[in-house]
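In what follows, a structure is listed as structure tokens, so that the remarks can point back to it.
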Amino acid sequence: MAKRHSWWEGAVIYQLIPRSFADGNGDGIGDIQGLVNRLSYLRWLGVEAIWLTPIYPSPLQDGGYDITDFKNIHPELGDLSSFHRLLTSAHAKGLKIILDLVLNHTSHLHPWFQRARWAPKGSPERDVYVWSDDTTRYSDAPVLFRNFESSNWEWDEVAKQYYFHRFLRHQPDLNYENPWVQEQMLEVVDFWLNRGVDGFRLDAVPFLFEAEGSRCEGLPETHAFLKKVRKRIDQNGRDVLLLAEAIQPVEEASPYLVSDELHGAFNFVLTAHLFAAVASGNVQKLRFCLDEAQKSVPGCRWALPLRNHDELWLGDGHLVAEDVIQTIRTGLHQSNGHWLNRGINRRLAPLLNGDPRSNRLLHGLLYSLPGMPCLYYGDELGMGDWPGLRDRDPNRTPMAWTSARNGGFSTAPEPLLVLPAITAPGYDYRVLNVEVQKQLPASLLNWHRRMLTCRRHLSALRNGDFEILESTHPSVIVYLRSSENMTVLVAANFSAAGASLSLNLNRWKGARAREVLWGCEYPVANEDWFIYLPSYGFNWWLIGEVDE
Ligand code: GLC
Ligand code: CA
């Protein structure tokens, strides 16, 4: 019997910020109705799932990752009935909905925290968060938001104690030692499961528990709790994705992927090595990283992002060499890419100096590697950013839909917009938008759509086996994706210069070969197959095609 695949295996995930995507009621703030109106665009583009950054009530001190009510919708975005409409409309179009699940902390304005600080020391109400009389506890836990915080402890004048926060001081950490906290958060999972969501992106997953003398990351108790979350999902009986955000090396992220824990995790190390390969023209570390990730967790369980709503993480000094980081920051886009807490605070297109060739190269890899390719809203257009906005807002500006005012994002007067639409030279929404690019056959948008169409027709790219081949060129990575009746050969050139090389295709001797993207027949496979890849060029070949 054929193995049943989960919907998310190899699915293309489109990440969007609801406040910045489309405004349905003209108040300048993107909302759920706006997204519902644009679902046909996402269907047309060919993505399969939509990951929404947090949509819950929040004072927005950390882009909605500071939540005051886990079981409701931010009033500016809509309400539970608009969310129901979104789910129904998305499902009718074959699109899945993934919610952000923030387990580690709440907003400091959450009623639980307000109750905790007024409750007596040692009381059950106080015990919902992590408190201390001094700041010496858990001193081995690094401060993550270094630009904004200098300590993980904050003094509370009402409680007369310090509370622990791995992120902003507006985000007190929940105390997972407390069974009541665990039960509440499991109920949050149930709440959204019962509403019919298709998956959760588990925010900041390593940090749930603390222990003295450790970095307070990925502790055994944290894994034990995540297994409870998984149980709830399994009890529900539907095919629901649990996707971990753990910004860590592969060997520290893979323990979340044991069989009774989470289904997937982002491979941020791969992201770093993709950028490093473009910057250095050398694919050695990229090859190594792909190999390592597949060896530790084979198959499609790694989610593959290029950019997201956060900074571009390039490792904390160990992954990517300092001179390569400098090239990514300065060389590629010829201005000093702003370093925020842990990485570069820019969008993909400006990071690549607006060069559509490297945009295609990097997405071409994502769409052909084993895993779940993640596309960040706007990157399918090569949308720009607004350096100088606060925190990570440069990467979170409104989607460019048309050449009309505010890029068609909203009919509100410009000053009311959630963030300014991009008018920077080269990235101006009047030129760079969905409407214009739909009409240009050679646009980046149409390219993404064509690639996603090809991918849908090639089952080997979705869940086939993966094998890296030897390459005689230091800038060219070559690999195979193969399923029972199909083999796709991929070669990609990370150099700004063209590359010619020969591949040994002896194992398919005599088989037909055809370019996937352009449909050209190639000479039949044999020992020495000479290929030429232009600057940042790549190609997909179908080998040994079976006639239908
Ligand atoms: C994750 C989110 C980030 C947020 C942080 C705290 O890293 O991606 O945007 O600030 O968690 O919730
Ligand atoms: Ca609105």
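Counting starts at 1 for both ligands and their atoms, in listed order. Values reported hereafter were calculated over all heavy atoms of this structure, with side chains retained and with hydrogens, waters and symmetry mates removed. The shown structure was predicted, so the numbers you read here are calculated from the model rather than taken from an experiment.
Checking E245, R392, H105 against atom 7 (O) of ligand 1, the nearest heavy atom belongs to E245.
Closest approach between the Ca ion (ligand 2) and any N/O/S atom of D31 involves OD2. When you scan the N, O or S atoms of D23 for the one nearest the Ca ion (ligand 2), you land on OD1.
Contact analysis leaves E311 out of contact with ligand 1, as no non-hydrogen atom separation drops below 4.0 angstrom.
Around CZ of R405, the count of heavy atoms belonging to other residues, nucleotides or ligands within 6.0 Å exceeds 12.
Counting atoms of ligand 1 from 1 in the listed order, those under 4.0 Å from a heavy atom of H309 are 2 (C), 3 (C), 8 (O), 9 (O). For ligand 1, the atoms sitting less than 4.0 Å from at least one non-hydrogen atom of R201 are 2 (C), 8 (O), numbered in the order shown with element in parentheses. Residue D62 approaches ligand 1 through these ligand atoms, each under 4.0 Å from one of its heavy atoms: 4 (C), 5 (C), 6 (C), 10 (O), 12 (O). Numbered from 1 in the order shown, with element, the atoms of ligand 1 that lie under 4.0 Å from a heavy atom of F145 read 10 (O).
Here the Ca ion (ligand 2) is the vertex; the OD1 atom in D27 and the O atom in I29 give an angle of 90° (to 10°).
Across D310, N395, D393, a single residue satisfies side chain to side chain donor-acceptor pair (under 3.5 Å) together with N345, and that is N395.
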Q: I would like to know whether F200 and L99 meet side chain to side chain contact (heavy atoms under 4.5 Å, CB included); could you show each step before the answer?
A: CA-CA 5 Å; F200 296 100; L99 287 189; 4.3 Å; yes

Q. How far apart are the C-alpha atoms of D23 and T411, what are their side-chain angles, what is the distance that settles it, and do they pass the side chain to side chain donor-acceptor pair (under 3.5 Å) test?
A. CA-CA 8 Å; D23 176 13; T411 54; 5.5 Å; no

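At the top of the distance list for atom 8 (O) of ligand 1, counting protein heavy atoms only, stands D310 OD2, 2.5 Å.
Under the 6.0 Å distance and 45° angle rule, R347 counts as a cation-pi partner of Y377.
At a heavy-atom distance under 4.0 Å, no atom of H165 approaches ligand 1.
For residue S410, no N/O/S atom approaches the Ca ion (ligand 2) to within less than 3.0 Å.
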